Amino acid sequence: MFKADNQSGKEPFTIMMPPPNVTGALHMGHALQGAVQDSIIRIKRMQGYEALWLPGTDHAGIATQNVVEKNIKKEHKLNRHDLGREKFVEKVWEWKQKYGDIITGQYKKLGTSCDWSRERFTMDEGLSKAVQETFIRLHNEGLIYKGNYLVNWCPTDMTAISDEEVDHVERKGQLWYVHYPLAEVTAKKTGQKYITIATTRPETIPADAAVSVNPEDKRYTDFIGGEVEIPTTGRLVPIIADEYIKPEFGTGALKVTPAHDQNDFDIGKRHNLEVINIINKDGTLNDSAGAYAGMDRFDARKKIAEDLEEEGLIEKVEDYVNQVGISGRSGTIIEPLLSDQWFVNMKPLARKAMDASKEGEFQFFPPRWNSEFHRWMENIRDWVISRQLWWGHRIPVWYFTKKDGTIDTTKDYIVSIDQPETGMIQDPDVLDTWFSSWLWPFSTLGWPDEDAQDYQKFYPTSVLISGYDILFFWISRMIMGGLHFTDKAPFRDIFMTGIVKDKIGRKMSKSLNNGIDPLELIDQYGADAVRYSLIVLCAQGQDIKLDPRRFEMGRNFANKLWNAFRLLHMHMDENVTYSNTLDTDTNNLTDRWMISRIHQTIEAVDEDLSRYRLNEALMKIYGLLWDDYCDWYLELIKPEYGDTMDRETVDRAINIYEILLKLLHPFMPFITEEIWHSAREREVSGALIKAPWPVNKSEDIYKEDGRLFITIQRMVSSIRNIRAEMNVPDNLEISVLIKAKDEVTAKALSENHVIFKKLLRLESFEVSSDADRPKGSASAVVDGSQVFVPLIGIIDIDKERGRIEAEVKRLKGFLKSVNAKLQNEKFVANAPEPVVEKEHKKKADTEVN
RNA sequence: GGGUGAUUAGCUCAGUUGGUUUAGAGCACCUGCCUUACAAGCAGGGGGUCACAGGUUCGAGUCCUGUAUCACCCACCA
């Protein structure tokens with residue numbers, strides 16, 4: 001049904017679904033973005049584009065590996081090492097086959113019209129080929145390199161992670177002030193016995209390579225060049241000067257630990273310091289930590305602090321709150337650890353992205369993200385792409401081995417997809433998940449085969465819809481990757497949605513247990529209602545604080561839509577073939593008004609949609625259906641008690657209704673399609689999903705009639721108001737006399753007296769341009785005309801006086817502001833003509849008495 | 001430390017390049033209605049000095065500056 005044709009002559013419109021993790025279940029963010037994407041793709045399909053919405057899933061390296069590992073531990077009491085790499089990866093694939101469809105199945109419940117025949121997975125054959133190809137290309141271009149650097153190491157997942165995957169959180173800790181005894185010569189020179197440093201991480205003391213002070217710091221001038229003895233090991237290290245040190249912090253002296261801190265690593269490089277690694281990959285201390293070897297890093301912290309205390313080396317301990325990096329995945333505190341990793345040099349890629357952004361090759365909606373993106377590109381750092389995992393794309397790099405089977409480090413590696421020579425072994429690491437995701441917009445279409453028909457037809461894609469939370473992980477990398485590998489921005493527009501939060505504004509998360517399951521909502525309210533509410537709530541990338549009660553709005557609206565159809569259906573005759581197009585040539589004021597309202601709305605809706613203001617568009621359609629069509633149009637054409645609607649009326653009403661169905665279909669596909677087929681006999685090819693989007697053909701059609709009808713609406717409302725305010729009994733018929741502002745109006749109102757009679761319980765209805773106010777009547781002013789309702793014997797004079805006084809006060813205030821404007825010469829001189837004209841009209845309509 | 005967003009009715013929020021009545025919606029509230037499409041509804045109503053202080057303009061919820069509060073993002077302060 002939704003299969004896109006890469007051979008069609010239609011202009012393509014493409015959306016790539018951000019691939020959810022195979023491990024995942026549909027959450028509110030997916031539901032929101034799914035609803036938005038589906039609405040857009042359905043609109044484009046109706047507008048005649050060759051619309052492709054390509055779905056898929058992401059292998060999600062760490063996340064999936066963790067889930068499967070937990071699973072085999074629970075079921076078989078085994079860890080992945082017990083199974084071995086090959087067996088384990090097999091298990092993950094099994095798991096993927098078994099559970100990978102869950103989330104796509106959930107997407108289907110939302111009513112998403114993806115092209116499931118093109119569903120992709122980030123580790124399927126084609127995408128793997130693209131990944132290997134890009135690795136090799138980047139390597140050949142010198143943009144991928146291997147290096148031994150400090151990386152963010154997660155001791156739980158036992159892998160390096162990228163800077164973007166590290167979250168910074170405030171943690172309470174302590175700041176220990178530790179005495180470092182001075183070497184004899186230095187002690188003599190300075191007249192001091194020790195130098196005091198402040199540290200939050202005493203467990204790294206055995207890895208200290210120096211103590212550093214600021215060269216400008218007078219307190220320590222004599223210390224520079226001296227030596228100091230490291231507590232716990234007694235090793236002697238130099239006292240150096242470096243401008244990085246801030247004299248005002250702590251004691252102004254810093255312990256330098258190049259192996260376990262990024263800044264210290266940099267200082268170490270500048271001063272050629274020894275790098276002493278004392279922490280293992282699992283977070284325990286190694287043999288270089290001496291007596292503390294084998295202890296966990298946090299136990300060691302405690303123990304070393306105690307030992308220092310015992311030795312009398314602690315001057316004081318302060319409570320201290322600092323930022324620590326934790327793994328976004330496991331929550332474990334990150335350990336900066338020295339290791340061999342693969343990196344991508346991002347600066348050249350970012351350069352291209354910034355240039356393309358300046359050229360306007362792609363646009364963010366809302367636009368503020370353009371500058372956010374730019375800022376990010378300017379500060380880009382190299383990307384650690386290797387992960388010490390088993391689940392993912394293997395790195396296409398091969399090493400020569402020595403006789404014992406270990407890597408021969410004296411020989412260079414070879415970059416290749418297949419084993420270049422027998423005996424060579426492949427790099428054990430896999431690539432970061434995002435290294436496949438960043439190719440998603442084109443790898444899914446057959447790239448690197450640039451002649452692939454899908455790639456030719458559907459690339460570059462039209463719009464990307466995503467939450468801003470993955471702007472830096474994914475979106476910016478897709479832009480860089482797209483520009484680098486295909487020379488094109490992978491999408492023209494980027495619509496950033498907000499993040500769905502809970503009722504009180506917290507992110508939905510498993511740990512808080514504040515998530516709302518979209519499937520439960522769908523069961524409770526229906527998919528259309530959920531979609532409706534999500535889209536109405538989704539305003540211009542603003543976060544959504546979600547109260548489940550908001551879905552009642554959608555449910556009630558779907559209900560209204562259904563009930564409106566029931567009314568028409570009651571009056572439809574099975575034996576009659578109704579026309580299939582709306583004949584706009586009509587003399588009936590109500591029809592003319594409704595037609596003009598529809599065209600106004602279509603115009604406004606198209607405008608809103610072109611800027612991704614789906615919420616505005618949908619609210620306008622809501623008002624059109626509920627307020628205009630149901631509350632006025634249907635009420636007016638509805639026949640009296642036992643009567644039936646004449647054929648012509650039904651014909652027109654059903655045709656108007658079907659325009660509303662078309663406008664609503666992209667947002668509420670289920671109910672609209674169902675009613676569409678209940679309304680008439682239709683072929684499958686005549687499904688609403690394939691119907692053409694309504695076109696706003698005639699600007700300002702029946703504009704004057706529309707205005708007249710609105711005046712009548714106001715008159716009806718003010719008469720109803722009088723009835724209510726004056727407590728006129730419901731069954732009492734009243735008379736209405738209208739003193740129209742001029743002859744033309746009088747004639748027009750008089751011609752449409754049936755509208756008044758239909759909507760008001762009237763005994764008599766009179767209009768003239770020169771009537772007198774009847775005695776004992778309530779009155780109202782509407783658009784320059786006066787409405788009188790004689791209520792002798794019923795009217796409460798005091799109440800009516802109060803009502804009128806309030807009204808007069810309101811009108812006078814209004815008139816005053818209008819007059820102020822019109823008497824202001826500058827206003828008349830500067831304001832555009834239509835604005836001044838409007839003020840004149842306001843004045844004319846207000847001044848009656 | 002840098003940046004972004006938010007602050008509008010009791011609540012949750014819309015409000016487009018400044019100018020259709022003196023700011024809207026849904027929910028909640030008040031009054032009257034089980035009127036054969038719909039009580040998940042109909043009709044009527046109350047409720048806001050648009051966070052605060054200045055400024056620009058004929059005209060500011062909307063643009064500018066500053067302040068306050070909240071939220072988020074980025075950053076190497078031991």
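Because the structure is a prediction, the values reported are computed rather than measured. Every chain is numbered from 1 and lettered A, B, ... according to where its sequence line falls, protein lines coming before strand lines.
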Check this one for me: any side-chain N or O of [X] less than 4.0 Å away from OP1 or OP2 of [N]?
X: A:Lys246; N: B:G1; value: no
X: A:Ser717; N: B:A43; value: no
X: A:Asn263; N: B:A78; value: no
X: A:Arg506; N: B:C70; value: no
X: A:Tyr320; N: B:A78; value: yes
X: A:Lys545; N: B:C13; value: yes
X: A:Asn563; N: B:A40; value: no
X: A:Trp562; N: B:G41; value: no

When you match A:Met619 and A:Lys507 each to their closest nucleotide on RNA chain B, which lands nearer the 5' end?
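Nearest nucleotide further toward 5': that of A:Met619.
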Report the C-alpha distance between A:Trp369 and A:Phe364 in whole Å, list the side-chain angles of each, state the deciding distance to 0.1 Å, and finish with yes or no for ring pair (Phe, Tyr, Trp, His ring centres under 6.0 Å).
CA-CA 6 Å; A:Trp369 290 104; A:Phe364 284 89; 7.4 Å; no
Searching all strands shown, indicate the nucleotide that pairs with [N] (Watson-Crick or G-U wobble; both distances under 3.5 Å).
N: B:G5; value: B:C70
N: B:U56; value: none
N: B:G48; value: none
N: B:U31; value: B:A43

Applying a 4.0 Å non-hydrogen cut-off, can you work out what [X] is touching in the nucleic acid: base, sugar-phosphate, or nothing?
X: A:Asp543; result: nothing
X: A:Arg375; result: sugar-phosphate
X: A:Ala539; result: sugar-phosphate
X: A:Phe265; result: nothing
X: A:Asp547; result: nothing
X: A:Gln323; result: base
X: A:Asn322; result: sugar-phosphate
X: A:Arg720; result: sugar-phosphate
X: A:Tyr244; result: base
X: A:Lys255; result: nothing
X: A:Trp626; result: sugar-phosphate
X: A:Arg368; result: sugar-phosphate

Take the protein atom [atom1] of [X] and the nucleotide atom [atom2] of [N], then report the distance between them rounded to whole Å.
X: A:Leu634; N: B:U36; atom1: CG; atom2: P; result: 16 Å
X: A:Gln540; N: B:U16; atom1: CD; atom2: C1'; result: 9 Å
X: A:Asp627; N: B:G41; atom1: CG; atom2: P; result: 13 Å
X: A:Leu175; N: B:C77; atom1: CG; atom2: P; result: 14 Å
X: A:His260; N: B:A78; atom1: NE2; atom2: P; result: 18 Å
X: A:Leu760; N: B:C33; atom1: CG; atom2: C1'; result: 16 Å

Would you confirm whether [X], through its side chain, and [Y], through its main-chain N or O, come within 3.5 Å as a donor-acceptor pair?
X: A:Thr711; Y: A:Arg707; answer: yes
X: A:Tyr629; Y: A:Ala653; answer: yes
X: A:Glu165; Y: A:Ser162; answer: yes
X: A:Asn379; Y: A:Trp376; answer: no
X: A:Asp608; Y: A:Arg613; answer: no

Quick one: which of A:Leu614, A:Ile544, A:Asn615, A:Val500 gives a side chain to side chain contact (heavy atoms under 4.5 Å, CB included) with A:Cys538?
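Single pass found, and it is A:Ile544.
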Can you tell which of [options] lies closest to the side chain of [X]?
X: A:Arg714; options: B:A37, B:A78, B:U21; result: B:U21
X: A:Met553; options: B:G26, B:A28, B:A37; result: B:G26
X: A:Arg381; options: B:A75, B:U17, B:A37; result: B:A75
X: A:Arg549; options: B:C33, B:A14, B:A28; result: B:A28
X: A:Lys638; options: B:G41, B:U16, B:A37; result: B:A37

Find out whether A:Arg506 and A:Met508 are in side-chain contact, i.e. whether some heavy atom of one side chain is under 4.5 Å from a heavy atom of the other.
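SC-SC contact between A:Arg506 and A:Met508 ruled out.
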Donor-acceptor pair under 3.5 Å, A:Arg613 side chain vs B:U16 base:
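Such a pair exists between side chain and base.
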Gap in Å between the two C1' atoms, one belonging to B:U62 and one to B:G19, rounded
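Those two atoms are separated by 11 Å.
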